[in-house]
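Scroll down for the structure; my scribbles are underneath it.
Since the model is a prediction, treat every value here as computed from it, not as a measurement. Computed from heavy atoms alone, side chains included, the values below leave out hydrogens, waters and symmetry copies.
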Amino acid sequence: MSKKSKPPARATPAPATSPLRRQPGANKLLLHKGIMCALIGLAVLISPHFIQSPALQQAVGGSSLVGWFSLVLGLAFVGQYLWQRRSRGR
């Protein structure tokens with residue numbers, strides 16, 4: 001007696017539109033994240049010039065790498081938002 005095997009299940013097709021096109025709020029969220037990251041990065045980079053306490057100035061100045069990372073990440077988010085907005089207009 002031989003057992004018949006079932007044919008493999010078919011995968012469902014991918015949706016025709018991307019998830020960002022279906023959720024218009026996702027693009028605004030991306031823009032919001034980008035602006036907030038860029039502002040935090042600028043604050044971390046600029047704040048040591050306005051802090052009067054030498055110890056605190058040195059502590060914040062030591063995290064300039066974090067400030068640069070946040071600034072670049074924020075600009076990348078804003079750039080991605082603008083790129084999606086431009087491609088959606090076509």
Side-chain angles (χ1 to χ4, degrees):
M1 300 186 144
S2 65
K3 294 183 180 179
K4 291 187 176 181
S5 62
K6 292 183 179 180
R10 298 186 109 181
T12 58
T17 60
S18 70
L20 290 177
R21 290 185 189 265
R22 288 181 287 163
Q23 300 173 358
N27 284 338
K28 290 183 181 178
L29 183 63
L30 188 64
L31 178 63
H32 184 260
K33 286 179 184 179
I35 291 172
M36 293 305 294
C37 279
L39 287 176
I40 290 170
L42 281 175
V44 170
L45 291 173
I46 294 173
S47 64
H49 300 290
F50 298 105
I51 297 174
Q52 295 180 2
S53 168
L56 188 58
Q57 186 178 21
Q58 185 178 6
V60 174
S63 28
S64 65
L65 182 64
V66 174
W68 282 111
F69 178 77
S70 179
L71 181 63
V72 169
L73 183 66
L75 292 177
F77 280 157
V78 171
Q80 186 177 9
Y81 167 78
L82 293 173
W83 183 264
Q84 288 175 357
R85 185 175 172 194
R86 186 183 80 135
S87 66
R88 199 176 34 207
R90 290 183 181 180

Spacing of L29 atom CG and F77 atom CZ [to the nearest 0.5 Å]
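Rounded to the nearest 0.5 Å, the CG-CZ separation comes to 9.5 Å.
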Answer with yes or no whether the hydrophobic clustering places Y81 together with L73; edges join I, L, V, M, F, W, Y residues whose side-chain heavy atoms lie under 4.5 Å apart.
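In one cluster with Y81: L73, yes.
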Hydrophobic clusters join Ile, Leu, Val, Met, Phe, Trp and Tyr when side-chain heavy atoms are under 4.5 Å apart, directly or via other members; which others share one with I46?
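The other cluster members (ILVMFWY side chains, heavy atoms under 4.5 Å, direct or chained) are L42, L45, F50, W68, L71, L75.
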May I ask you to list the residues sharing a hydrophobic cluster with V66, side-chain cutoff 4.5 Å, ordered by chain and number?
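Same cluster as V66: nobody, lone residue.
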Do any side-chain atoms of residues 52-65 form donor-acceptor pairs under 3.5 angstrom with protein atoms, and if so which ones, sequence neighbours left out?
{"from": "Q57", "atom 1": "NE2", "to": "P48", "atom 2": "O", "distance (Å)": "2.8"}
{"from": "S63", "atom 1": "OG", "to": "A59", "atom 2": "O", "distance (Å)": "3.4"}
{"from": "S63", "atom 1": "OG", "to": "V60", "atom 2": "O", "distance (Å)": "2.9"}

With the side chain counted from C-beta on, respond yes when Q84 and L30 share a heavy-atom pair under 4.5 Å apart, and no when they do not.
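Yes, their side chains come closer than 4.5 Å.
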With sequence neighbours excluded, what pairs up with L39 under the side-chain contact (heavy atoms from CB on, under 4.5 Å) test?
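Per chain and number, L39 pairs via side-chain contact (heavy atoms from CB on, under 4.5 Å) with I35.
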Looking at C37 and S70, what are the two nearest heavy atoms and their distance?
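What the structure gives for the nearest pair is O-OG, 2.6 Å.
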